[in-house]
Amino acid sequence: MSALSVPNTRYLERVGRDERVWLLFAIVWCLFLFVIMYVWQFFGSQRTPIESYRIEPSEFRTLTQEYVAGHQVGDVNGVPVTVPTEQGEAFLAARAFAFEPVLQLRRGESVRIYLSSYDYQHGMSIQPLNLNFQVLPGYVYVVNLTPTSTGEFGIVCNEYCGLGHHVMSGRIIVTD
Amino acid sequence: MATARAPRSLLDRGAPWRVCQVTGYQVFTPVQRLIVFNAVAAVLSLALGGVLALFIALTRWEAVSLLPPELYYRFTSTHGVVMLVFWIVFFEIAALLFGGTVLINAKLKGVRFAWTYTALMAVGAIVTTATTLSGHANNMFTAYPPLVNHPMFYVGIILFAVGALCGSCHFVYQVWSARREGVIAGPLPLVVYGLLTAAIIAIWTLLHGAVAYVPALFQALGWLELDPAVYRTLFWGFGHGAQQINLAAMVACWYALAALTTGARPVNEGLSRFAFVLYLVGINMGSMHHLLVDPGIGMHARIINTSYFMYAALLGSLIHAFSIPAALETAQRARGFTEGLFGWLRKAPWREPGFAALMVSFIGFGVIGGVSGVLMGTMQLNMLIHNTLFVVGHFHSTVVLGTTVAFMGLAYYVVPLVMKRDLAFLGLARWQPYVFGAGLLTLIGGLMLAGKLGASRRAWDASFSLAPLQVESLSSPWLSFANAVIGLGGVLAVIGGAMFVLIMVATVFFGRANERPAVGTLGVLAGREGPKSDVEIPEFDHHAKTFQAPGTTTLVFVFLVWFVVMFAWASINLARVGWGVG
Ligand code: HEM
Ligand SMILES: [Cu+2]
Ligand SMILES: [Cu+2]
């Protein structure tokens with residue numbers, strides 16, 4: 001009589017005391033884990049971005065280039081540095097193998113970032129905060145950020161996108 | 001019913017039936033070759049994957065930095081495919097063939113059919129491995145469109161998957177016809193029930209796989225263009241489900257190992273079965289925990305799916321987390337190890353390879369793999385680890401520390417019993433689970449630390465030092481330290497894996513023939529209905545007013561506290577990001 005052989009025909013046992021206590025706590029924990037996601041999403045400050053739209057990669061490229069042309073304030077290593085629009089919007093494009101443009105944000109001011117890719121799938125990973133988002137061509141992911149600290153924040157790619165994956169980076173600069 | 005004779009050849013073809021002298025099972029001999037063939041294919045895959053693991057782990061260690069980028073990506077891709085697909089699935093098919101015949105004393109209907117799908121799998125595995133190893137599929141199985149692999153990669157995978165699908169259906173058919181013909185009267189043995197769960201999930205999952213991989217092949221041939229988000233949803237319907245197969249198969253192994261090494265009997269057959277059913281309830285869920293920070297999915301879909309509808313599958317695992325140690329405790333107490341709360345555990349057969357494997361797998365999976373999985377699958381917490389090396393740490397603790405170690409433990413019994421040979425290098429086998437486990441713990445620690453420090457998954461250079469825009473925070477000494485830990489842990493894990501491969505190869509090809517292979521201190525005696533324990537293990541008293549397994553009850557609550565603390569810690573980490581995100 002073991003897990004390897006045929007059990008008693010009456011295998012629907014009453015659940016014993018040890019099991020009852022454990023089951024009760026286990027169920028409560030499972031429900032907590034479920035509910036907490038809604039709670040955090042409605043009341044927390046770090047919510048998972050949900051808003052997103054379809055877009056043709058070529059159209060996204062045009063919009064990004066228009067945005068860069070209108071809002072460039074400088075450059076680092078040849079990459080344009082931009083500030084958000086009046087309405088607090090910015091575009092961030094991933095392509096093999098760079099993130100463009102560099103975004104210059106103000107502490108405490110929210111920005112609505114339109115994130116997408118010109119070519120492959122990429123991953124936007126903001127360092128050292130370690131905030132990570134998937135970037136898909138054909139979709140704009142709206143990521144709202146409100147920086148609370150100043151300095152330079154690196155962006156690296158964390159979805160394998162080809163042989164240049166490990167040189168694909170970008171930057172967010174936050175000033176006072 | 002012919003009795004057994006001494007084996008004449010490597011894989012005795014003799015009379016179609018024999019009675020196992022150790023367990024009393026009636027073994028349909030033509031199935032032996034099939035089991036051994038699949039097991040050997042699995043072990044060879046593991047060996048190849050292990051060699052590649054050594055290269056990539058030593059590349060991640062900056063001081064060694066063994067491979068150039070292209071080879072790193074190529075080897076990582078091959079390592080992933082060979083391990084996660086071929087080692088695991090070949091072994092699962094071996095386990096299904098074993099469970100669908102030996103464990104229910106049934107013959108195999110359709111031996112030729114079984115050889116056909118085994119051959120299909122072998123051909124598929126060879127085609128895919130050759131394509132990947134020659135650098136035509138550096139994007140691994142997660143080649144997300146518009147990135148594609150060479151068409152032959154998909155041809156191989158599809159052949160392999162069709163074979164595995166046939167194998168899973170075959171198992172279900174075996175169980176069904178054994179029931180119909182009265183070969184099994186009454187309920188299935190629990191282990192077979194677990195394998196049946198795995199097989200049902202496998203059938204469903206492999207159908208999903210077709211929906212993802214056939215279009216992917218067409219895209220590789222240039223016939224169509226796939227939508228990236230749609231593909232990811234389809235792909236993970238397969239990719240995630242595949243991990244649920246591994247989960248169910250691993251838990252079935254745990255029950256088997258507990259029975260084989262301590263004579264433990266399930267404390268509550270009904271509840272354990274219910275827990276397996278919960279895995280089935282969650283069959284189509286969970287897949288979106290891979291898509292939690294993707295565009296294109298609504299909030300409710302994310303939350304309900306990632307939680308397996310309110311954590312149904314987690315509840316299943318928590319039930320097993322109680323019932324496995326409770327079974328061990330009951331058996332050990334019946335043996336007279338009644339001292340204190342944990343006397344039964346101290347006196348457990350720690351030097352028995354199968355028990356060592358059970359413990360390494362059970363504790364490693366539960367304490368690290370399962371907990372980290374639930375944290376990562378919490379929608380908001382996912383932002384902190386998505387696609388970092390933490391994820392790689394997580395699944396090396398589920399599918400390697402958990403599933404792989406459990407399979408290794410089972411192989412220490414199944415292979416000698418099926419082949420009627422002594423296990424070679426028993427002394428080495430006593431250490432193997434611990435060495436492998438220690439290496440993996442180190443590796444996983446390094447991967448998780450690196451991931452917390454922001455290291456990207458599958459990036460040749462964790463600090464992105466060649467990028468035009470430098471990322472200062474990634475050139476921290478802590479990250480270099482984590483990378484070195486990955487390298488060192490990798491080396492130790494590969495040594496532990498090589499020990500297993502050596503023991504298996506030596507057993508299969510050079511093991512001493514023995515009708516009653518002494519598989520360590522196997523706690524079972526021959527009996528008509530399968531293995532019996534050498535002592536009478538009492539039934540768990542379900543009506544008692546006192547705790548029947550006080551040690552286990554204590555341990556599971558300690559585990560729950562650990563779980564809660566880790567969840568709180570992760571939530572604090574998220575809050576400490578400070579930035580508003582939404
Ligand atoms: C022998 C011990 C092992 C060692 C030392 C090892 C080490 C590694 C390392 C260093 C990576 C690269 C991580 C990256 O760059 O993202 C990796 C990737 C991977 N490993 Fe292992 N591994 C081992 C066993 C296994 C096993 C047994 C499996 C499956 C059953 C497995 C599945 C994978 C997969 C799927 C990947 C791809 C990761 C990705 O997509 O980022 N590994 N492994
Ligand atoms: Cu990339
Ligand atoms: Cu999954």
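Labels below follow one simple rule: chain letters A, B, ... track the order of the sequence lines, proteins then strands, and each chain is numbered from 1.
- Side chains of B:Met299 and A:Tyr38 form a contact here, defined as non-hydrogen atoms less than 4.5 Å apart.
- Judged purely by atom type and a 3.5 angstrom limit, A:Asp18 uses its side chain to pair as donor or acceptor with the backbone of B:Gln548.
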Mind running side-chain contact (heavy atoms from CB on, under 4.5 Å) on A:Asn132 and B:Leu384 for me, showing each step along the way? CA-CA 6 Å; A:Asn132 304 282; B:Leu384 290 180; 5.5 Å; no
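- In this structure, chain A has a heavy atom under 4.5 Å from the backbone of B:Ile385, while its side chain stays farther away.
- When each of A:Pro128, A:Ala98, A:Gly138, A:Gly164 is checked for heavy-atom pairs under 4.5 Å with chain B, A:Pro128 comes out on top.
- With no hydrogens or angles considered, a side-chain donor-acceptor pair links A:Glu159 and B:Asn387 at under 3.5 Å.
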Quick one, B:Asn382 with A:Phe133, criterion side-chain contact (heavy atoms from CB on, under 4.5 Å). Give me CA distance, side-chain angles, the key distance, then yes/no. CA-CA 9 Å; B:Asn382 187 266; A:Phe133 304 99; over 6 Å; no
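- When A:Leu31, A:Val156, A:Leu131, A:Val76 are compared by the number of non-hydrogen pairs under 4.5 Å with chain B, A:Val156 comes out ahead.
- For B:Leu292, the part lying near chain A is the backbone, with the side chain staying farther off; criterion is any non-hydrogen pair under 4.5 Å.
- Classified by interplanar angle (parallel below 30°, tilted 30° to 60°, perpendicular above 60°), the ring pair B:Phe557/A:Phe25 is perpendicular.
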Take A:Leu145 and B:Val581 through the test side-chain contact (heavy atoms from CB on, under 4.5 Å) and record every step on the way to the result. CA-CA 5 Å; A:Leu145 290 180; B:Val581 185; 4.1 Å; yes
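- Contacts with chain A were tallied for B:Thr142, B:Leu103, B:Val564; B:Val564 has the most, counting heavy-atom pairs under 4.5 Å.
- When B:Ser456, B:Gly580, B:Ala467, B:Ala326 are compared by the number of non-hydrogen pairs under 4.5 Å with chain A, B:Gly580 comes out ahead.
- One finds the CE atom of B:Met383 at 11.5 Å from the CG atom of A:Asn130 (value rounded to the nearest 0.5 Å).
- Side chain of A:Gln121 to backbone of B:Pro145: a donor-acceptor contact under 3.5 angstrom is found.
- Contact count against chain B (heavy-atom pairs under 4.5 Å) is highest for A:Asn144 among A:Ile155, A:Leu115, A:Asn144.
- In terms of heavy-atom proximity, A:Trp40 sits nearest to B:Ala575 at CZ2-N, 4.4 Å.
- Aromatic pair B:Phe567/A:Trp29: centroids less than 6.0 angstrom apart.
- Among A:Gly123, A:Ser149, A:Gly154, the residue with the largest count of heavy-atom pairs under 4.5 Å with chain B is A:Ser149.
- Neither the backbone nor the side chain of A:Arg112 has a heavy atom closer than 4.5 Å to any heavy atom of chain B.
- Between the CD1 atom of B:Ile297 and the OG atom of A:Ser52 there is a distance of 8.5 Å, given to the nearest 0.5 Å.
- The candidate from B:Asp461, B:Asn138, B:Asp294 with the greatest count of non-hydrogen atom pairs under 4.5 Å with chain A is B:Asp294.
- Of the two parts of A:Val21, the backbone and the side chain both hold a non-hydrogen atom closer than 4.5 Å to a non-hydrogen atom of chain B.
- Comparing B:Phe464, B:Tyr144, B:Trp460 by how many heavy-atom pairs each has under 4.5 Å with chain A, the most go to B:Phe464.
- With chain A as the partner, the residue from B:Leu315, B:Leu466, B:Thr552 showing the most heavy-atom pairs under 4.5 Å is B:Leu315.
- Residue B:Gln470 holds its CD atom at 11.0 Å from CD of A:Glu152, rounded to the nearest 0.5 Å.
- For chain B, no part of A:Val135 is nearby; none of its heavy atoms comes within less than 4.5 Å.
- For B:Ser571, the parts lying near chain A are the backbone and the side chain together; criterion is any non-hydrogen pair under 4.5 Å.
- For B:Tyr73, the part lying under 4.5 angstrom from a heavy atom of chain A is the side chain only.
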Assess whether side-chain contact (heavy atoms from CB on, under 4.5 Å) is satisfied between A:Phe153 and B:Trp579, documenting all intermediate values. CA-CA 12 Å; A:Phe153 297 84; B:Trp579 288 29; 3.6 Å; yes
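- Within the 4.5 angstrom heavy-atom criterion, no atom of B:Leu381 approaches chain A.
- Of all heavy-atom pairs between A:Gln127 and B:Ser473, the closest is CB-OG, 3.6 Å.
- Atoms NE2 and OG, on B:His386 and A:Ser125 in that order, are 9.5 Å from each other to the nearest 0.5 Å.
- Closest heavy-atom contact between B:Pro69 and A:His166: CB-CE1, 3.6 Å.
- Between B:Tyr72 and A:His165, the ring center distance fails the sub-6.0 Å criterion.
- Taking 4.5 Å as the limit, every side-chain heavy atom of A:Ile27 sits out of range of all side-chain heavy atoms of B:Leu318.
- Using a 4.5 Å cut-off on side-chain heavy atoms (C-beta onward), B:Met379 and A:Ile36 make no contact.
- Of the possible polar contacts, none joining the A:Asn77 side chain to the B:Leu469 backbone as a donor-acceptor pair under 3.5 Å is found.
- For the atom pair CD of A:Glu19 and CG of B:Asn268, the computed distance is 4.5 Å after rounding to the nearest 0.5 Å.
- The two residues B:Pro295 and A:Tyr139 have their closest heavy-atom pair at CG-CB, 3.8 Å.
- Only the side chain of A:Phe32 comes within contact range of chain B, judged by heavy atoms closer than 4.5 Å.
- For the 3.5 Å distance criterion, the side chains of B:Thr553 and A:Trp22 fail to qualify, holding no donor opposite an acceptor.
- The most heavy-atom pairs under 4.5 Å with chain A, out of B:Val191, B:Ile184, B:Leu453, B:Leu314, come from B:Val191.
- Interface remark: B:Arg302 contributes side-chain atoms only to the contact with chain A (heavy atom separation under 4.5 Å).
- A cation-pi arrangement is found for A:Arg17 relative to B:Phe547, the charged atom lying closer than 6.0 Å to the ring centre and inside a 45° cone about the ring normal.
- There is no side-chain donor-acceptor pair under 3.5 Å between A:Tyr120 and B:Asn139.
- Atoms CD1 and CE, on B:Ile303 and A:Met37 in that order, are 5.5 Å from each other to the nearest 0.5 Å.
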